[in-house]
Amino acid sequence: MSQKKSDKSETEGQKHILSVLVENKFGVLVRVSGLFSRRGYNIDSLSVAVTENPSISRMTIVVRADDQVLEQVKKQLNKLIDVIKVIDLNDEEHVERELALIKVKTVKDTKPEILQIVDAFRAKVIDIATDSFIIEVTGDDKKIEAIETLLRPFEIQEMVRTGRVGLSRGYKEGSRDRN
Amino acid sequence: MKKQTETISGAQAFIESLKCESVDTIFGYPGGSLLPIYDAIFDCDLHHILVRHEQAAAHAADGYSRATGKVGVCLATSGPGATNLITGIATANMDSSSIVAFTGQVNSSLIGNDAFQEADITGITLPITKHNYLVQRAEDIPTAICEAFHIASTGRKGPVLVDITKNATVDRVLFSYPKDVNIPSYKPTYKGNMQQIKRAATEILKAKRPLIFSGGGVISSNASEKLVELSELLNIPVTLTLMGLGAMPSSHKNFIGMPGMHGMKTANYAIQNSDVLIAVGARFDDRVTGRIEDFASGAKVIHIDIDPAEISKNIYAEIPIVGDVSIVLKDLISIINERINTRSNEKLIQEYKANNDKWVNDILKHKSENPLTYDKNSPLIKPQFVVETISELAPNAIIVTDVGQHQMWAAHYFDFKYPRQFISSGGLGTMGFGLPAAIGAKVGCPDKTVINITGDGSFQMNSQEIATAVQHNLPIVSVIINNGYLGMVRQWQELFHDKRYSETDIQNSVDFVKLAEAYGALGFRVTEKSDLKRTLKEAIDSQRPAVVDVLVDRSENVYPMVPAGASINEYLEPDA
Ligand SMILES: Cc1ncc(C[n+]2csc(CCOP(=O)(O)OP(=O)(O)O)c2C)c(N)n1
Ligand SMILES: [Mg+2]
């Protein structure tokens with residue numbers, strides 16, 4: 001039985017958050033990101049930092065793929081020698097967050113209105129200059145997109161997003177990053 | 001563990017580590033960053049084979065590994081030496097061949113400065129190695145080497161590169177070699193899941209038209225005997241991909257040839273009509289499957305492979321079994337034997353036999369109606385005849401090939417007897433592989449006759465290695481199937497580009513006899529059919545490095561042929 005290979009460049013396919021534990025070694029980011037570009041998988045975002053165990057890093061990768069491509073992504077990741085574990089957070093109950101910093105132009109009249117929006121989103125103004133605010137907002141991507149939409153009329157000068165990070169819920173025996 | 005109280009240099013630690021891995025031979029080429037290592041090589045008892053181009057060092061290590069099943073080792077200097085290895089490493093990677101490639105690197109203080117002969121070889125080889133290391137401290141050399149050999153030779157095998165900075169080879173260490181390897185993130189699965197193996201046994205015994213479809217994984221895991229045992233146990237026909245040739249003797253009654261684009265029609269017929277396809281250590285390359293939607297579309301696929309990523313990559317597997325092919329086949333055979341010997345299964349087995357008889361007869365009939373053919377009465381020397389003659393003269397020789405038409409003729413017309421007898425670049429299709437790989441095979445198997453079946457184009461891609469063969473007294477016979485063309489490309493131009501032979505005519509570009517003689521090898525030329533056998537015999541018997549230039553029918557094409565993208569039962573037929 002054969003199966004059609006889906007066109008990987010198509011944007012269809014569900015978003016998946018992969019939580020990938022890797023050896024905290026020189027070059028490991030290139031090994032992982034190179035794999036995605038080489039095999040033509042789409043990455044929406046990738047974030048990486050060390051875990052509670054300093055010899056291990058966690059990469060959170062948001063990838064858009066249908067089931068068959070996703071299966072390949074996971075298997076190919078597992079094949080990399082420095083990859084310790086690949087967890088598909090979509091398979092588990094999990095929480096996810098993203099942080100964004102948004103620099104918005106301010107003029108006298110618009111400040112209260114902007115502050116209202118910031119309040120409503122439980123965001124924070126973390127820097128105030130004479131003609132701009134920097135707003136910090138955390139949440140899932142819908143929330144960030146929503147606040148972005150509302151702030152756009154005031155003129156967003158610059159914006160940076162961390163990309164999504166996530167963890168599965170609940171204490172699990174043996175699920176420490178490395179025992 | 002070897003412990004010493006005196007320090008040794010990193011270069012000496014390198015040599016000691018290789019000894020701990022039981023390495024006997026290195027294929028290499030020196031340079032500035034390797035001076036300390038070559039100084040250590042000067043008075044060690046490792047056998048160093050000096051090649052004439054680093055690409056050849058990698059191919060030789062690869063040929064050595066394919067012929068012996070051991071890890072092949074090559075060594076090149078930083079910068080251009082390292083980049084010259086690329087084609088060889090990529091070739092080994094595509095065919096899952098275990099080699100460890102060592103490269104010199106500039107001093108670690110210079111890395112990143114565009115220093116003289118600096119190349120980011122770990123970066124460059126990332127996509128074509130199973131893994132690689134950059135070693136910048138003498139004390140890290142033993143562990144890196146220990147891990148490299150472990151990774152290269154276990155699981156799905158493959159090339160590993162170890163890049164060592166010059167300062168690391170100069171600095172001194174107390175040598176100690178790791179007792180065992182512990183890479184927590186690397187644990188290949190060897191034993192197959194028994195539930196899955198039982199399911200596979202059930203499907204196989206229910207099959208009306210079972211077929212074993214097997215590839216290089218069987219050779220690499222030394223599972224050939226088990227494969228033959230399974231085939232004989234239930235009388236299942238076997239098709240072997242290019243990489244799998246030799247896993248079952250070509251003359252075995254159950255062997256139906258190679259599948260795919262240039263496959264035997266019977267092999268393709270069996271694939272398209274099978275109802276249970278037992279894929280063993282094969283990865284469903286597009287040259288084998290043709291149009292993937294139509295491949296084995298009526299079959300349930302049982303896929304046994306050590307690499308989980310190969311399963312359901314190209315062809316969906318109903319029953320995936322991840323594990324070492326040899327171990328899985330052993331378990332599968334014992335379960336099938338159990339079932340056969342269970343009384344209550346008597347009816348099932350009888351039914352199997354009745355269906356199987358029909359299927360096998362059908363295949364035998366197809367085979368007798370679709371033999372490989374060429375014009376045996378032609379006054380010209382037909383390339384197929386050259387291969388048949390070699391097969392007759394040197395039935396147990398290791399056959400190495402280059403890439404092109406001659407490679408396909410070698411695959412079809414040589415009568416293979418045992419695994420590791422056929423060595424060819426399958427996945428990457430690397431012209432220039434033949435001679436250096438033959439050197440590696442000969443060094444690894446000095447008692448075997450080694451014959452390189454090559455083309456006039458391919459041979460020119462690494463012909464400098466005649467010098468290596470002569471220097472090290474390696475009596476390899478290169479038989480050039482000389483059609484004066486980049487023949488395989490010419491064939492496609494003939495068939496798909498209106499016979500517009502753009503840049504493929506290379507007739508009379510070199511006198512191969514003089515070339516051989518210039519290096520101190522024997523050179524022969526065959527222009528008459530009647531001279532072929534005698535000359536080939538003379539070359540083989542000479543026990544010297546030899547080149548036999550055979551002028552063959554220029555226009556011969558490889559058939560059967562399925563055009564790229566077509567289903568594997570849609571053939572292009574030669575003009576009558
Ligand atoms: C390094 C490399 N370059 C180009 C090709 C493309 N190619 C495939 S077969 C072939 C012709 C080979 O000619 P020859 O060695 O004379 O073999 P023949 O087909 O004539 O038997 C070429 C150019 C290749 N496989 N490898
Ligand atoms: Mg040719």
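Lettering follows sequence order; numbering is per chain, from 1. Everything quoted here is computed from the prediction, not taken from an experiment.
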**Q.** Side chain, backbone, both or neither of B:Leu134 within contact of chain A (heavy atoms, under 4.5 Å)
**A.** side chain
Q) Tell me, side chain or backbone of B:Asn132 under 4.5 Å from chain A's heavy atoms, or both, or neither? A) both
When you look at [atom1] of [X], are more than 12 heavy atoms from neighbouring residues, nucleotides or ligands closer to it than 6.0 Å?
X	atom1	result
B:Lys187	NZ	yes
A:Asn90	CG	yes
A:Lys15	NZ	yes
A:Arg169	CZ	no

Minimum heavy-atom separation for [X] to [Y], with atom names?
X	Y	result
A:Lys79	B:Ala309	CD-CB, 3.7 Å
B:Ser312	A:Gln68	O-NE2, 3.5 Å
A:Lys75	B:Ile311	NZ-O, 2.8 Å

Q: Could you walk me through whether A:Leu80 and B:His131 pass the side-chain contact (heavy atoms from CB on, under 4.5 Å) test, one step at a time?
A: CA-CA 8 Å; A:Leu80 294 177; B:His131 196 54; over 6 Å; no
Q: Rounded to the nearest 0.5 Å, what's the gap from OG1 on B:Thr122 to CZ on A:Arg31? Could you check?
A: 7.5 Å
Q. Between atom CD1 of B:Ile151 and atom CD1 of A:Ile81, what is the distance when rounded to the nearest 0.5 Å?
A. 4.0 Å
Q: Heavy atoms only, distances under 4.5 angstrom: which of B:Gly123, B:Pro188, B:Gly155, B:Pro308 has the most pairs with chain A? Name it, please.
A: B:Pro308
Q | Contacting region of A:Val30 [heavy-atom separation from chain B under 4.5 Å] | A | both
